[in-house]
Amino acid sequence: MDNIVYIDEIEIKNKTLLIRVDFNVPLDSNGNITDDSRIRAVLPTINYCLDEKAKIVLMSHMGRPKGKPVPELSLLVVAKRLSRLLDKEVKFVNDCIGELAENAVKSSSYGDIMLLENLRFHSEETANDDNFGKELASLCDIYVNDAFATAHRSHASNVAVTKYVNTCAAGFLIRKELNYFRRAVENPMRPFVAIIGGAKVSGKIEVLSNLAEKVDKLIIGGAMSNTFLKALGHDIGASLVENDMVEYAKKTLNKIKEKKIKLYLPVDVVVADKFKPDAESKVTTVQEIPKDWLALDIGPATVTLFSEAIQNAKTIVWNGPMGVFEFDAFSRGTYAMVSNVANAYALTIVGGGDTDVALHRAGEFAKMSYVSTGGGAFLELLEGKVLPGIQALIECSKKNKLMPEPEQQL
Ligand code: AMP
């Protein structure tokens with residue numbers, strides 16, 4: 001990660017910068033932005049470039065238009081919001097390549113800022129097409145990537161493009177994300193506790209395997225704990241379970257035991273007679289889940305147990321809700337954990353789309369040390385993978401004219 005060049009390590013004054021950002025913000029049915037956190041997250045990078053009098057060309061994707069223009073997924077609405085946040089005109093360009101884009105860049109001055117139309121209106125973007133990357137690269141002197149949430153994808157705007165630029169750098173958001181991740185997972189203050197929840201073991205197998213090498217305590221909640229409870233021989237009624245993952249769960253339990261990691265699973269759950277917000281519900285121990293009922297949340301004794309387990313933690317990483325928090329009746333466990341983690345005297349790092357939503361709803365977002373902007377990207381880091389977008393930056397940084405050769409560093 002140290003092999004990446006960052007934007008404040010190179011000269012950008014009077015240069016044209018093509019910056020990949022992630023402006024994939026949620027919209028309501030009227031096309032209004034419902035949460036502009038992703039735009040705000042890259043303001044430090046944008047403001048720095050403006051202060052340095054660079055010409056800024058921003059590019060992003062939004063939604064999944066599948067390679068053709070979809071008016072509802074135009075980034076125009078983002079350009080307007082960004083303009084308001086910066087209190088400065090943000091020129092909107094109706095295409096991200098071709099004459100329109102070239103002319104817009106040529107006719108702008110240093111210190112100007114523009115946003116190109118949705119990259120995914122061209123199928124070449126997700127295909128990581130070389131020519132498309134080359135066309136994007138032709139718009140700039142320096143390529144900058146600050147789209148952490150897209151870094152786990154191999155797309156033209158974060159991989160192919162890097163082959164055709166002479167100088168590239170990462171922005172401040174990527175630096176922040178990687179620094180927090182490193183502090184949490186690569187070099188944690190101990191005890192290091194991971195809290196993993198959500199729906200499926202299968203989606204987080206590699207996360208569990210990788211974390212089992214590193215953590216002191218592992219807390220598992222949500223539907224994913226059902227598969228572990230089943231592996232331990234509990235009858236979990238009609239709860240969501242992945243039967244084909246029970247064997248894997250048994251192996252993981254053995255590994256955890258061998259490594260002397262302290263494992264915490266629910267001891268009681270809130271069960272429902274159907275998967276509905278207005279279902280009849282009650283609290284039972286995990287030994288007494290009624291047949292045909294579903295465990296949809298962790299129970300109060302489990303909240304106390306999990307809360308005790310994180311008392312002495314120095315580092316906490318959390319991904320995935322403790323229950324079906326979208327239904328009020330089954331949201332208490334998740335919100336109680338939000339509050340416990342928020343009040344812990346630890347470095348607290350939270351990632352993953354759903355956990356992020358829960359933090360916002362509970363109003364505890366600001367109390368976490370860091371909330372990652374990348375759901376999938378954060379999970380892949382937790383899996384121990386090198387993200388393609390980050391790898392491309394590392395490769396590209398090697399050819400940066402301003403970067404010393406490795407021999408010279410010795
Ligand atoms: P994930 O994307 O794997 O983090 O899963 C998040 C989803 O898991 C949320 O939509 C929750 O509603 C769901 N979930 C959490 N706990 C349960 C449970 N006990 N039963 C069914 N779904 C659950």
Side-chain angles (χ1 to χ4, degrees), residues 1 21-22 24-26 35 37-38 40-42 145-153 170-189 192-215 217-224 306 310 313-323 325 334-335 337-342 344 346-362 364-390:
M1 289 177 194
V21 288
D22 189 326
N24 185 26
V25 290
D35 179 358
S37 313
R38 284 193 165 170
R40 290 174 190 273
V42 288
N145 189 352
D146 211 17
F148 176 75
T150 328
H152 60 310
R153 307 272 183 227
F172 299 136
L173 177 62
I174 285 197
R175 173 148 74 191
K176 198 153 113 180
E177 292 273 2
L178 294 182
N179 279 347
Y180 271 107
F181 176 79
R182 191 163 20 186
R183 274 171 67 193
V185 180
E186 287 181 8
N187 192 17
M189 295 263 285
F192 173 23
V193 184
I195 306 170
I196 304 293
K200 288 186 176 163
V201 178
S202 52
K204 293 177 190 169
I205 283 185
E206 288 168 76
V207 174
L208 287 168
S209 300
N210 192 37
L211 286 176
E213 301 290 334
K214 300 187 156 81
V215 296
K217 306 187 196 189
L218 183 59
I219 295 177
I220 301 179
M224 105 152 18
F306 288 179
I310 63 171
K314 290 274 193 313
T315 306
I316 301 174
V317 169
W318 181 13
N319 173 278
M322 296 289 103
F325 74 102
T334 299
Y335 291 146
M337 282 307 282
V338 168
S339 163
N340 287 335
V341 174
L347 176 75
T348 50
I349 315 255
V350 184
D354 276 317
T355 329
D356 187 354
V357 174
L359 291 186
H360 271 106
R361 286 200 196 151
E364 300 275 29
F365 191 88
K367 277 202 191 163
M368 301 298 167
S369 309
Y370 192 63
V371 181
S372 174
T373 56
F378 182 76
L379 268 183
E380 290 201 14
L381 280 184
L382 284 185
E383 286 171 3
K385 291 187 180 152
V386 179
L387 310 179
I390 302 299

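The model shown is predicted, which means the values in this text are computed figures rather than measured ones. Just so you know, these numbers use all the heavy atoms, side chains as well, and skip hydrogens, waters and symmetry mates.
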Point-to-point distance, once rounded to the nearest 0.5 Å, from OH of Y370 to CD1 of I349: 8.5 Å
Backbone N/O of P321 and side chain of D354: donor-acceptor pair under 3.5 Å: no
Point-to-point distance, once rounded to the nearest 0.5 Å, from CG of L178 to CG of L381: 6.5 Å
Nearest-0.5 Å distance that lies between atom OG1 in T150 and atom CZ in R38: 7.0 Å
Distance, nearest 0.5 Å, that separates CG of N187 from OG1 of T315: 9.0 Å
For S372, the option from Y180, F148, F181 that meets side chain to side chain contact (heavy atoms under 4.5 Å, CB included): F148
Check: N319 and V207 side chains under 4.5 Å, non-hydrogen atoms: no
Whether K204 side chain and G197 backbone form a donor-acceptor pair below 3.5 Å: yes
side-chain hydrogen bond (donor to acceptor under 3.5 Å, both in side chains) partner of N179, the single match among R182, R183, K176: R182
F192 side chain near V185 side chain, heavy-atom distance below 4.5 Å: yes
Point-to-point distance, once rounded to the nearest 0.5 Å, from CE of M322 to CD1 of I220: 9.5 Å
From OH (Y335) to CG (L359), nearest 0.5 Å: 9.5 Å
pair V338-M368: side-chain heavy atoms closer than 4.5 Å: yes
